[in-house]
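Since the structure comes first, as structure tokens, the remarks are kept for the end.
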Amino acid sequence: MRHVSIRRIDEGPLSEPVLLILTALADRPRHGYALITEIETISRGRVRLSTGTLYGALHRLLNAGWIERFDQQDTSRDKQAYRLTALGRGHLQTELDRMQQLTRTATARLKTAGAEV
Amino acid sequence: MKRLYRALLWLFPPGYRLAFGDEMTAVFEALARDRRRRGKAVYLEFLLTESITLIAGAVLEWIEKAAGREYPADVAAARRAETDVSVPAEIIEARQRVTTLVSLMTDAISRYDYKRARFYSLAEERERRRLRALETGQA
């Protein structure tokens, strides 16, 4: 079960559901069901978002202006789809830079520790 | 199951429900079809997770609303519903009373005044039952 905290989305590191949603929207817009299945694929089946968690996170992302909602013409019916805004793309990039920096530091320290053992 | 899901959506603030309710129900139905195909255990886990996260989500959305962090579409949807001439005036009034009572309850909780919060919670429950009866034409 995944939870979205009540703090503002731009306060501190991104939660995993938010990071996965932004990642799923990075290449193209998607509607709710496509987001859930894509997140399951990205996380290799580890994360299955519930509708409550997904829409709670989408609500916060819309409020923060990181994503936007629009009508997507579907073959059968109109669906509300979501896409990243320039602001959201910027925040995703910042988070990825932070994670890369952390990964580099952790890898270097593990190597140092391995050499000392 | 769809009926139960829609009933749980009534726990959310009206604006949120109007902005996302139909979409969430459609996604839930599509997921339910998929999970049912994966076996009984997966389906039951799915239903349990959906119910718990929906209830938790409703609490968070009321807190968001109390903090004034509503998505503009929620406000617009709620306003549209309030000004919809096809909706009887008594239903609109009942909806407004429910919204007011929830605000009062949230306010009381934030001041740790649980006695008053309980009073508003019971009043809201009564009002919600009355609203449901009005909407289904049983009043």
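We name chains A, B, ... by the order of the sequence lines, and we start the count at 1 in each one.
Linking Ile, Leu, Val, Met, Phe, Trp and Tyr residues whenever their side-chain heavy atoms come within less than 4.5 Å leaves L122(B) and W62(B) in two separate clusters. Residue L22(A) is grouped with residue L96(A) when hydrophobic side chains (ILVMFWY) are merged at heavy-atom distances under 4.5 angstrom, including chains of intermediate members. Note on Y82(A): it clusters hydrophobically with L87(A), by side-chain heavy-atom contacts below 4.5 Å among ILVMFWY residues. Connection of L44(B) to L48(B) is not established within any shared hydrophobic cluster, with ILVMFWY side chains joined at heavy-atom distances below 4.5 Å, either directly or through further cluster members. In terms of hydrophobic clustering, with Ile, Leu, Val, Met, Phe, Trp and Tyr side chains grouped at heavy-atom distances under 4.5 Å, L11(B) and L4(B) are assigned to a common cluster.
Counting non-hydrogen atoms of other residues, nucleotides and ligands closer than 6.0 Å to CZ of R118(B) gives a total of 12 or fewer. For R38(B), the CZ atom is densely surrounded, since the number of other residues' heavy atoms within 6.0 Å is greater than 12. Heavy-atom neighbours of R116(B) CZ from other residues, nucleotides or ligands within 6.0 Å: at or below the threshold of 12. Within 6.0 Å of the CZ atom in F119(B), the count of heavy atoms belonging to other residues, nucleotides or ligands does not exceed 12.
Between L54(B) and G52(A), the shortest heavy-atom distance links the atoms CD1-CA, 4.0 Å. Contact between V27(B) and Y55(A) at its shortest, heavy atoms only, is CG2-OH, 3.4 Å.
If you take CG on L31(B) and CD on E40(A), they are separated by 9.0 Å, rounding to the nearest 0.5 Å. A distance of 6.5 Å separates CZ in F46(B) from OG1 in T51(A), rounded to the nearest 0.5 Å.
Heavy-atom distances place the side chain of Y5(B), and not its backbone, under 4.5 Å from chain A. Both the backbone and the side chain of A19(B) come within contact range of chain A, each with at least one heavy atom under 4.5 Å from a heavy atom of that chain. If you measure heavy-atom distances from Y16(B) to chain A, the contacts under 4.5 Å come from the side chain alone. Contact of I36(A) with chain B is made through the side chain alone, with heavy-atom distances under 4.5 Å.
Using a 4.5 Å heavy-atom threshold, the side chains of F20(B) and L62(A) count as touching. D22(B) has its side chain out of reach of Q80(A): every pair of non-hydrogen atoms, C-beta onward, lies at least 4.5 Å apart. Looking only at side-chain heavy atoms (C-beta outward), E23(B) and Y33(A) stay at 4.5 Å or farther from each other. Counting only heavy atoms from C-beta outward, the side chains of N63(A) and E64(B) approach each other to under 4.5 Å.
Ion pairing between E50(B) and R48(A) fails under the 4.0 Å rule for side-chain N and carboxylate O.
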